[in-house]
Amino acid sequence: MGAIRVDGLGKSYGAVEAVADMSFTVECGELYGFLGPNGAGKTTTIRTLTGQIQPDAGTVRVLETDPATEPTETRERVGILPEQQSPPSFLTPREYLEFVGDVRNLDSDRVAERTADWAQRLGFENKLDTLHTDLSRGQQQKVMITQAFLHEPDVVFIDEPLANLDPLVQEQVKRFLVSYAAGDNAVFVSTHNIDVAEEICTRVGIVADGRIVTERSLSGDGGVEDGEHDSDESLLEVFLERVEREDARDLPSLERIDA
Ligand SMILES: Nc1ncnc2c1ncn2[C@@H]1O[C@H](COP(=O)(O)OP(=O)(O)OP(=O)(O)O)[C@@H](O)[C@H]1O
């Protein structure tokens, strides 16, 4: 099933054109990496796909729902780990995950079971009853990862999944994301970490100036599968080449500077 479809998406904030004619699709079973420099339009695209903001132009569909007109239907079926979001300071992880389970209409026994599983998987069992305000950034990130997957959604949007996590937990989360996508779910990861994208993603879209400038299928062994590019070319090389090319388009030419 088509998980995410974006066609001609445009979104401006006043005079700032954050997203301009963005188009791409993601199928269930894909771990799709959304890569781009600061200010490229990644967060704006995710916010549109999760019904947090309305597009100015184009169409977006998530599991055949329209997040602009059916935000509740969309959000019921997706998991979201937003950029730099912390769990509520006045709740403990257990209380927060019970609340999320309630909002997601999950049976309380199931929530308790999944909370215990995730706490064990990510190693925060001994913090389940500690207020978030007394948890480290990494421990809070583990709780945020748990809430995104609590209802086992078909599509998950994650901004910088490995932020603040120690190397051991990073490995566990990477392995989990790969296996979750392989279970016929779509995992959409926005990241600046090109090495991680190259390691775990099945496909990446490189974003610059509010649109996809190129997409690459990844072979899973660090190689980039592409007819246009040398297969030995790393994803970092592809990224730098395409993003610099877009930057150069925006810069005045030397002749114009000299004139
Ligand atoms: N609420 C807002 N009001 C005005 N401009 C905004 C707002 N949010 C984003 N922008 C602008 O829109 C553009 C795209 O921002 P966006 O946050 O989508 O980029 P990004 O690719 O997620 O960047 P980063 O990698 O730095 O998180 C930027 O020029 C940014 O300054």
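Residues: numbered from 1 along the sequence shown.
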Does any non-hydrogen side-chain atom of Glu237 lie less than 4.5 Å from one of Glu241?
no

Atom OG in Ser217, atom CD in Glu30: separation rounded to 0.5 Å?
7.5 Å

Does one hydrophobic cluster hold both Ile194 and Val238, with members joined at side-chain heavy-atom distances below 4.5 Å?
yes

Kindly compute the distance separating OG1 (Thr43) from CD1 (Ile46), expressed to the nearest 0.5 Å.
6.0 Å

Are more than 12 heavy atoms, taken from residues, nucleotides or ligands other than Tyr180, located less than 6.0 Å from that residue's OH atom?
yes

Main-chain N/O of Thr59 paired to Asp7 side chain as donor or acceptor, under 3.5 Å
no

Fit a plane to each ring of Phe24 and Phe188, take the angle between them on a 0 to 90° scale, and name the class: parallel (under 30°), tilted (30 to 60°) or perpendicular (over 60°).
parallel

Identify the heavy atoms of Ala18 and Thr44 that sit nearest to each other, and give their distance.
CB-OG1, 3.8 Å

Check the side chains of Arg47 and Thr45 for a donor-acceptor pair under 3.5 angstrom, ignoring hydrogens and angles.
no

Salt bridge (charged side-chain N to carboxylate O under 4.0 Å, His left out) assessment of Glu64 paired with Arg61:
CA-CA 5 Å; Glu64 314 298 338; Arg61 293 287 181 275; over 6 Å; no

To the closest 0.5 Å, what do you measure between OG1 (Thr202) and CG (Leu218)?
7.5 Å

For Val60 and Arg5: C-alpha separation, side-chain torsions, deciding distance, then whether side chain to side chain contact (heavy atoms under 4.5 Å, CB included) applies.
CA-CA 6 Å; Val60 297; Arg5 304 206 177 282; over 6 Å; no

What one should report as the nearest heavy-atom pair of His192 and Lys42 is NE2-NZ, 3.7 Å

Is any side-chain heavy atom of Tyr96 less than 4.5 Å from a side-chain heavy atom of Val143?
yes

Is there side-chain contact between Ser190 and Ile158, with heavy atoms separated by less than 4.5 Å?
no

Transitive ILVMFWY side-chain link Val111 to Leu91, under 4.5 Å
yes

Side chain of Gln140, backbone of His132: donor and acceptor closer than 3.5 Å?
yes

Do the non-hydrogen side-chain atoms of Thr115 and Leu128 ever get within less than 4.5 Å of each other?
yes

Identify whether Val155 and Phe149 are in the same connected component of the hydrophobic contact network (ILVMFWY, side-chain heavy atoms under 4.5 Å).
no

Judged by atom type as modelled, is there a donor-acceptor pair below 3.5 Å linking the side chain of Gln85 to the main-chain atoms of Pro82?
no

Are more than 12 heavy atoms, taken from residues, nucleotides or ligands other than Arg110, located less than 6.0 Å from that residue's CZ atom?
no

Do Arg104 and Val100 come within less than 4.5 Å of each other through their side chains, counting heavy atoms only?
yes

Do the side chains of Glu152 and Arg114 get close enough for a salt bridge, i.e. N-O under 4.0 angstrom?
yes

For Ser86 and Arg137, test the side chains for any donor-to-acceptor distance below 3.5 angstrom and give the result as yes or no.
yes

Please check if Phe157 and Leu63 belong to a single hydrophobic cluster, counting links between Ile, Leu, Val, Met, Phe, Trp and Tyr side chain heavy atoms closer than 4.5 Å.
yes

Rounding to 0.5 Å, atoms CG (Leu135) and NZ (Lys142) come to a distance of 10.0 Å

Smallest heavy-atom separation, Ala186 atom then Val26 atom, equals CB-CG1, 4.2 Å

Between Glu95 and Thr92, is there a donor-acceptor pair closer than 3.5 Å when you use the side chain of the first and the backbone of the second?
yes

Do Phe99 and Pro88 touch side chain to side chain, with heavy atoms closer than 4.5 Å?
no

Test: Asp21 and Arg211 ion pair at under 4.0 Å
no

Set out, in order, the CA-CA distance, both residues' side-chain angles and the distance that settles side chain to side chain contact (heavy atoms under 4.5 Å, CB included) for Val62 and Val78, then state yes or no.
CA-CA 8 Å; Val62 178; Val78 305; 3.6 Å; yes

For the residue pair Thr50 and Arg75, what are the closest heavy atoms and their distance?
O-NH1, 3.3 Å

Thr65 and Glu70: side chain donor to acceptor below 3.5 Å:
no

Looking at CD of Gln170 and CD of Gln141, how far apart are the two atoms once the value is rounded to the nearest 0.5 Å?
10.0 Å

Can you confirm whether Thr48 sits close enough to Met22 that some side-chain heavy atom of one is under 4.5 Å from a side-chain heavy atom of the other?
no

Can Leu122 be reached from Val189 by stepping across I, L, V, M, F, W or Y side chains whose heavy atoms are under 4.5 Å apart?
yes

Decide side chain to side chain contact (heavy atoms under 4.5 Å, CB included) for Ile145 and Phe176; before the verdict, give the C-alpha distance in whole Å, the side-chain angles of both, and the deciding distance to 0.1 Å.
CA-CA 11 Å; Ile145 291 173; Phe176 175 77; 5.9 Å; no

CG-SG distance between Asp154 and Cys28, expressed to the nearest 0.5 angstrom
6.0 Å

Backbone N or O of Ile80 within a donor-acceptor pair of the Gln147 side chain at under 3.5 Å?
yes

Report the residue from Glu215, Arg203, Glu27 that forms a side-chain hydrogen bond (donor to acceptor under 3.5 Å, both in side chains) with Tyr32.
Glu215

Check the pair Leu49 / Ile4 against side chain to side chain contact (heavy atoms under 4.5 Å, CB included), numbers first and verdict last.
CA-CA 8 Å; Leu49 283 163; Ile4 303 168; 3.6 Å; yes

Tell me the closest heavy-atom pair linking Met144 and Leu81, and the distance in Å.
CB-CD1, 3.3 Å

If you compare all heavy atoms of Leu235 against all heavy atoms of Ala197, which two are closest, and at what distance to 0.1 Å?
CD2-CB, 4.3 Å

Quick one: does Phe34's side chain get under 4.5 Å of Ile212's, heavy atoms only?
yes

